Amino acid sequence: METVRTDVLVVGAGPAGSMTAKWAAKSGAKVLMIEKRQEIGSPVRCGEGMSKDWLQEVGIVPGKWINVEVEGARIYSPSEKCLEINEKHAGNEVGYVVERDGFDKQLAIDAANAGVDIWLKTSATGILRENGHVVGVKAKRFGEPLEIRAKVTVGADGFESQVGRWAGLPTNLQLRDMDTCLQYRMTNVDSDVRYCDFYLGSCAPGGYVWIFPKAEGLANVGIGVQVSKVKSPADAKSYLDRWIEKHPGYAKGKKIDMVGGGVSISAPMKQTVTDGFLLVGDAARMIDPLTGGGIANGCIAGKIAGEVSARAVAAGDASKEVLAEYDRGWRARFEEKLYRNWLAKEKLCSLSDETFDKVVDALEGVKLEKLTVHNILKAVHVKYPEVTREFEAFL
Amino acid sequence: MPPSKRSLHIESSGQLCIYCGACVGICPLNCIYLDETRITFDENVCTRCEICVKACPVGAIAIG
């Protein structure tokens, strides 16, 4: 069997993988990134809404992959009272609706330009270990088995990560830790290109319905439902179809595409590195449990992962003690927010439609300096103190 | 019938399945495999826990 050697091996060419690969190469390592599919970025499995204030930090230049730059978000309560959040208040939660396949390809191009080698149609089929250290993967390239040996192996294989499990990291999810998602791309709908819309409450138990505008009359219309709240098979589809039926501006539309997938909504993982191995992006459960967004955190962590991997290669030591710098790095950057948003999500999942309505009603017309859980609760407290009683931990 | 004797059926012809991988990610025993447009599971490892049935957004998995 053929054996190839590299410094850093990245499994999966999504945003987190490309970002890790690029920064490892820029930091001096020899990098190979493998992708099981024949095309990077396709098929798209994403709502395609993305915040934007982090792009510069990781060296991404806005490009043709942007469909729409929205001005704000509109959050609808179950009785469809609307809370409008403009860019200034929402901070990093408002931004672009993107062409994910184009975005992913651009990041792969950036990685290639940094010197990364990229192999398509190459899937990891198992992990290689020596003395307990991960030393690469068994793989198939165009169906041919081979061994890829690396000083650092990076699992960037997404929500259904295999390599993370093989490496023995605790990626397992409970039913309550995942939303099952379905989305149609619809044309001839009454979406508004200025806003991303979110509908909360019993229309999407443990999740929300989203409308992300792609162009005039064209939008991604999707839903996430917490798996622990699913009562019968295909609930995600039933809830979404029911929502569309009830909204004439969407019921008249035509579906041109359909995508599905799982989104983790768990608390942050306890461990993301082991000897010779680290996990990044959706595979490392870095998705924001409140918004369901994973691109920003995946890319931010990817940059840290790439830099730390290259340093480990240069030092000739990729033990978990050395790679722990990555674990500490991403935690310092966004673990607290992940944890806070997880707490907020847990609470939101338990609210009745009536309470949701009160919260949104209380916020109508209130000018918030910045949209934080704390500020929202303070505003709600003024009008409905009984609602905020349950949230005292946040205040 | 004991749970292990019931059979899991993943509709894998694409009539329902959209190959999204939601079942793969949630399977506690890591016994569901997705290979572009082919989805399979290991009958010997599967305990028929039905978690994948709930995770599937389109209802392509059934246990009978």
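Since we're looking at a predicted model, the values are computed, not measured. Atoms considered below: every heavy atom in the structure, side chains included; atoms not considered: hydrogens, waters and symmetry mates. Each chain gets a letter, A, B and so on, in the order its sequence line appears, and its residues count up from 1.
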Cation over ring, Arg100(A) on Phe103(A), under 6.0 Å and within 45°? no

How long is the span from the CD1 atom in Ile223(A) to the CD atom in Gln183(A), to the nearest 0.5 Å? 11.5 Å

Can you tell which part of Leu16(B) gets under 4.5 Å to a heavy atom of chain A, answering side chain, backbone, both or neither? neither

Less than 4.5 Å to any heavy atom of chain A: does that hold for the side chain of Leu29(B), its backbone, both, or neither? backbone

Kindly compute the distance separating CG (Asn341(A)) from CG (Leu290(A)), expressed to the nearest 0.5 Å. 4.5 Å

For residues Ile32(B) and Val24(B), report the shortest heavy-atom separation together with the two atoms involved. O-CG1, 3.5 Å

For each of Ile51(B), Leu34(B), Asn30(B), tally heavy-atom pairs with chain A at distances under 4.5 Å, and name the one with the top tally. Asn30(B)

Leading residue by heavy atom contact count with chain B [cutoff under 4.5 Å; candidates Ala234(A), Ser232(A), Ser123(A), Gly262(A)]: Ala234(A)

Less than 4.0 angstrom from a charged side-chain N to a carboxylate O is my criterion; do Lys237(A) and Asp241(A) meet it? yes

Using a heavy-atom cutoff of under 4.5 Å, enumerate the residues of residues 263-273 of chain A that contact chain B, numbered in order, or state 'none'. none

Let me know if Arg37(A) has heavy atoms under 4.5 Å from chain B in its side chain, its backbone, both or neither. both

So what's closer than 4.5 Å to chain B heavy atoms on Lys229(A): side chain, backbone, both or neither? neither

Here the gap from Lys140(A) atom NZ to Leu146(A) atom CG, rounded to the nearest 0.5 Å, amounts to 11.0 Å

What's the spacing between Trp342(A) CH2 and Arg285(A) CZ if we round to 0.5 Å? 15.5 Å

If I compare all heavy atoms of Ile26(B) with all of Ala55(B), which pair ends up nearest, and what's the gap? CG2-CB, 3.5 Å

My understanding is that only one of Trp210(A), Tyr184(A), Tyr250(A), Tyr208(A) makes a ring pair (Phe, Tyr, Trp, His ring centres under 6.0 Å) with Trp243(A); could you say which? Tyr250(A)

